[in-house]
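Written out below as structure tokens is the structure these notes cover.
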Amino acid sequence: MIVAANLKTNFTRKETNEYLAELDAFVKAHNISQEVLVFPAPSCLDYNNTTVAVGTQNAYPAKEGAFTGELGLVHLEEFGIQTILIGHSERRHILGETQEFLVEKFNFYKELGFKIVYCVGEPLEKREAGKEVMMEYIDAQYRGIDTTYENLIIAYEPVWAIGTGLTPTLSDIEEVHKALKEKSSAPLLYGGSVKVTNAKEVMALNNVDGVLVGSAALYSEHFCTMINYAEEL
Ligand code: 13P
């Protein structure tokens, strides 16, 4: 199982380091063999020496250069970061990243052998428009993406489930995951209002290889409980 935390625009560097230290201690104390991944805010990347893998929430497809406000490869290399989140709905919808730009990022970091957690997911109106429309929308998010890339992890995150406390039913999650597994055999995470109260049953579903957790992961004890659930499954 892969248990991942997207910390989004939360925690200072100091808080992030404390958080990572707590996870590290938990993973060591419980001999956790699951893959634990954390995506801190960009300014919180640091020289960490932990059992927990740290990835970046974003980076520009360039080594360095004139890209105001962006991180380049040099900023990731400084801290040994080799994992990147691409296609998160907040970057697609709030920051306006297009599929073409995401493909550019994907290809740049794929060439470098990065582990890529690539997010897909439909907004509410597409889900409400029926399965065909919804799957067409998700299909378009696979356009240009090398679904056979060996270091690819896909995260299915319905936009309407992110930060809302709403989730699809377990059978809906299972159905979408089954369809997405036919598009790529890469590990497939579910994300969107995963909490300690539902994480175990979500991770137990067929074709769910882990979870990508936002708000609930901000509580280290909650996130550690989810890691423990993954270990138990
Ligand atoms: P929430 O867990 O807060 O719904 O966020 C999910 C998410 O966007 C993870 O990337």
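Remember, it's 1-based here, ligands and their atoms both numbered in the order they're listed.
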What pairs of donor and acceptor atoms, side-chain ones from residues 52-67 against any protein atom, are under 3.5 angstrom apart with sequence neighbours left out?
| unit_1 | atom_1 | unit_2 | atom_2 | d |
| --- | --- | --- | --- | --- |
| Thr56 | OG1 | Asn58 | N | 3.3 |
| Thr56 | OG1 | Asn58 | O | 2.6 |
| Gln57 | NE2 | Lys8 | O | 2.9 |
| Gln57 | NE2 | Phe39 | O | 3.0 |
| Gln57 | NE2 | Pro40 | O | 3.1 |
| Asn58 | OD1 | Lys105 | NZ | 2.5 |
| Asn58 | ND2 | Glu70 | OE1 | 3.4 |

(request) Using the test salt bridge (charged side-chain N to carboxylate O under 4.0 Å, His left out), find all partners of Glu18 that sit at least two apart in sequence or belong to another chain. (result) Lys14
(message) Going by the rule salt bridge (charged side-chain N to carboxylate O under 4.0 Å, His left out), which residues pair with Lys195 if we only count those two or more places apart in sequence or in a different chain?
(response) none
(request) Salt-bridge test for Arg143 and Asp139: reply yes if a basic N is under 4.0 Å from a carboxylate O, no otherwise. (result) no
When you check ligand 1 against the protein, what N or O pairs turn up below 3.5 Å? List the atom names and distances, or just say none.
| unit_1 | atom_1 | unit_2 | atom_2 | d |
| --- | --- | --- | --- | --- |
| ligand 1 | 2 (O) | Gly214 | N | 2.9 |
| ligand 1 | 3 (O) | Ser215 | N | 2.9 |
| ligand 1 | 3 (O) | Ser215 | OG | 2.4 |
| ligand 1 | 4 (O) | Gly163 | N | 2.6 |
| ligand 1 | 4 (O) | Ser193 | N | 2.8 |
| ligand 1 | 5 (O) | Lys8 | NZ | 3.2 |
| ligand 1 | 8 (O) | Lys8 | NZ | 2.8 |
| ligand 1 | 8 (O) | His88 | NE2 | 2.8 |
| ligand 1 | 10 (O) | Asn6 | ND2 | 3.0 |
| ligand 1 | 10 (O) | His88 | NE2 | 2.9 |
| ligand 1 | 10 (O) | Glu157 | OE1 | 3.1 |
| ligand 1 | 10 (O) | Glu157 | OE2 | 3.0 |

(message) Can you tell whether the side chains of Glu97 and Arg91 come within less than 4.0 Å, N to carboxylate O?
(response) yes
(request) Check whether NZ of the Lys or CZ of the Arg Lys126 lies under 6.0 Å from the centre of the six-membered ring of Tyr137 and within 45 degrees of that ring's axis. (result) no
